[in-house]
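Notes to accompany the following structure.
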Amino acid sequence: MGMAAQEAIRQLRPLMEEVDEPLRCTYENIHQGYPTETLVRFLKARDWNVPKAYEMLVNCLKWRIENDIDNILANPINPIELYRAVRDSQLIGLSGYSKEGLPVIAIGVGLSTYDKASVNKYVQSHIQMNEYRDRVVLPQATKKHGRYIGTCIKVLDMTGLRLSALNQIKLLSNISSVDDLNYPEKTETYYIVNPPRIFSACWKVVKPLLQERTRRKIQVLHGCPRDELLKIMDYSSLPHFCRKEGSGSSQHSENGVVNNCFSFDHAFHQQLYNFMKEQALLMESVAPIKQGSFQVAIPDPDPEDVKITRTIESTFHMFGNQNGLVSSLNGLKVFGN
């Protein structure tokens, strides 16, 4: 870390020590005993500009308080059938760990339908995954390896990506805004696997719009991604859709064992859901919880993110026009009601 970065940290640290008590409490939930590393994340997200990083971090803390994020893991989605439906349509899970100890998060981008629950439930579920990662998974990895582990690896499966994904862009844009403004710099590398033609078309126009530090994190793997991923993780940690050539996010089990980390029956999601139920019982013993009332305010997106989203929308329409699919796009609205 260079002298300029150390100076930025030195300037930001006392500013955070002066925040009010409510902000300080939720700040502790964020840094989990590693405040310096947390300051670095927000400084990176604002190109080491101390005033901008301070504003971003304070806004994040205020967002957490206003939306009771500290207690979101005590508010599981009920009934359990609804949570299972969310898991079946919002494909994400922990498949294992890299050889360096980083959690491997798998995401079924192409086959996620987001059509089994309300937008609020999908946003709630996404934030619960973030909070469980940051408060449980990463601290456990840190303890196991005896060194700080604060980031993860994400493997994004594009199998099944279609023009109909335009229907989901608004929701995905909301989730992206939550992550960018409140969980910055939590991903070490993004691996894009099984990319179809439509992804390649979008990537060509979106890539130049991304910041250099973001572009460096993204690797697009064409063909079978297994051999490339085995350089950084063992076979047991490979997402199920990377284990066999030609496999996709729909593969569910192998030798009778559920290895689809998207499934509610997978060990990771069972642990997560049981953890939330335990937290809910603990919270209930202190104060009753209003089940089903959880709703998160979505932060206003960064103007650059809006530009990227609109570029993706335009590219999808262009791709549909070139392939004679214009009629399938009629009536689709990405922004607004």
Side-chain angles (χ1 to χ4, degrees), residues 72-73 75-98 102-138 140-141 152-162 165 168 171-172 175 187 190-194 224-226 229-230 233-280:
I72 195 170
L73 289 177
N75 198 327
I77 294 174
N78 287 313
I80 193 170
E81 291 78 14
L82 177 58
Y83 186 72
R84 182 181 290 275
V86 170
R87 293 277 57 84
D88 289 343
S89 52
Q90 183 183 37
L91 305 182
I92 184 171
L94 177 73
S95 66
Y97 295 82
S98 73
L102 276 64
V104 178
I105 307 294
I107 304 174
V109 177
L111 293 179
S112 291
T113 57
Y114 299 99
D115 60 353
K116 306 295 184 185
S118 68
V119 169
N120 290 334
K121 294 302 180 186
Y122 287 117
V123 173
Q124 177 182 349
S125 172
H126 180 81
I127 296 174
Q128 287 172 332
M129 287 282 294
N130 282 353
E131 291 293 312
Y132 187 74
R133 173 199 64 197
D134 294 350
R135 293 196 237 168
V136 179
V137 175
L138 289 171
Q140 287 178 349
C152 64
I153 290 171
K154 290 184 178 179
V155 183
L156 283 62
D157 182 22
M158 295 295 168
T159 299
L161 185 66
R162 295 179 176 86
Q168 305 161 11
L171 168 60
L172 296 178
I175 288 175
T187 302
Y190 298 88
Y191 291 95
I192 311 295
V193 304
N194 302 319
C224 180
R226 181 181 56 203
L229 292 176
L230 284 175
M233 67 186 75
D234 295 330
Y235 181 85
S236 60
S237 291
L238 282 176
H240 58 283
F241 49 81
C242 295
R243 294 192 177 190
K244 294 181 179 179
E245 189 170 357
S247 63
S249 295
S250 59
Q251 184 184 342
H252 186 77
S253 62
E254 188 174 286
N255 299 325
V257 178
V258 175
N259 58 30
N260 181 343
C261 64
F262 302 150
S263 171
F264 177 61
D265 297 318
H266 187 270
F268 167 73
H269 282 298
Q270 288 292 302
Q271 293 166 4
L272 168 57
Y273 198 72
N274 287 335
F275 179 87
M276 289 193 291
K277 288 196 298 183
E278 292 171 1
Q279 295 299 305

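Since we're looking at a predicted model, the values are computed, not measured.
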What residues form a ring-ring contact (aromatic ring centres under 6.0 Å, His included) with [X], not counting sequence neighbours?
X: Tyr191; answer: none
X: Tyr114; answer: Tyr122
X: Phe264; answer: Tyr83, Tyr273

What are the two closest heavy atoms between [X] and [Y], and how far apart are they?
X: Cys152; Y: Arg133; answer: SG-CD, 4.3 Å
X: Met129; Y: Leu272; answer: SD-CD2, 3.6 Å
X: Ser98; Y: Met233; answer: CA-CB, 4.0 Å
X: Leu94; Y: His266; answer: O-CE1, 3.6 Å
X: Ser237; Y: Gly96; answer: OG-CA, 3.5 Å
X: Ser125; Y: Gln90; answer: OG-OE1, 3.0 Å

Check for a donor-acceptor pair, side chain of [X] on one end and backbone N or O of [Y] on the other, with a separation under 3.5 Å.
X: Gln279; Y: Pro76; value: no
X: Asp234; Y: Ser236; value: no
X: Arg243; Y: Arg226; value: no
X: His240; Y: Ser95; value: no

Please round to the nearest 0.5 Å and tell me the distance separating atom [atom1] of [X] and atom [atom2] of [Y].
X: Thr187; Y: Lys154; atom1: OG1; atom2: NZ; value: 3.5 Å
X: Ile72; Y: Met276; atom1: CD1; atom2: CE; value: 9.0 Å
X: Cys242; Y: Asn194; atom1: SG; atom2: CG; value: 6.5 Å

**Report entry** Asp157 and Thr159 side chains, donor-acceptor separation under 3.5 Å
**Finding:**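 Looking only at side-chain atoms, Asp157 and Thr159 do form a donor-acceptor pair, the distance falling under 3.5 Å.
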Suppose we screen for side chain to side chain contact (heavy atoms under 4.5 Å, CB included). Which residues come up paired with [X], at least two apart in sequence or across chains?
X: Asp134; value: Leu138, Tyr183, Lys186
X: Gln140; value: Val136
X: Asn274; value: Lys277
X: Asp88; value: Arg84

Report task. For residues Gln124 and Asn75, determine if any side-chain heavy atom of one lies less than 4.5 Å from a side-chain heavy atom of the other. Result ->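 They are in side-chain contact.
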Report task. Could you go through the side chain to side chain contact (heavy atoms under 4.5 Å, CB included) check for Gln128 and Leu73 one step at a time? Result -> CA-CA 6 Å; Gln128 287 172 332; Leu73 289 177; 4.1 Å; yes
Just distance, no hydrogens or angles: give the donor-acceptor pairs under 3.5 Å from side chains in residues 102-110, sequence neighbours left out.
none

Query raised in the report: Partners of Arg87 by salt bridge (Lys or Arg N to Asp or Glu O under 4.0 Å), sequence neighbours excluded?
Result: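 Counting only residues at least two positions away or on another chain, Arg87 forms no salt bridge (Lys or Arg N to Asp or Glu O under 4.0 Å).
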Report task. Quick one: list whatever passes side chain to side chain donor-acceptor pair (under 3.5 Å) with Thr113, sequence neighbours left out. Result ->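 For Thr113, the residues satisfying side chain to side chain donor-acceptor pair (under 3.5 Å) (neighbours in sequence not counted) are Asp115.
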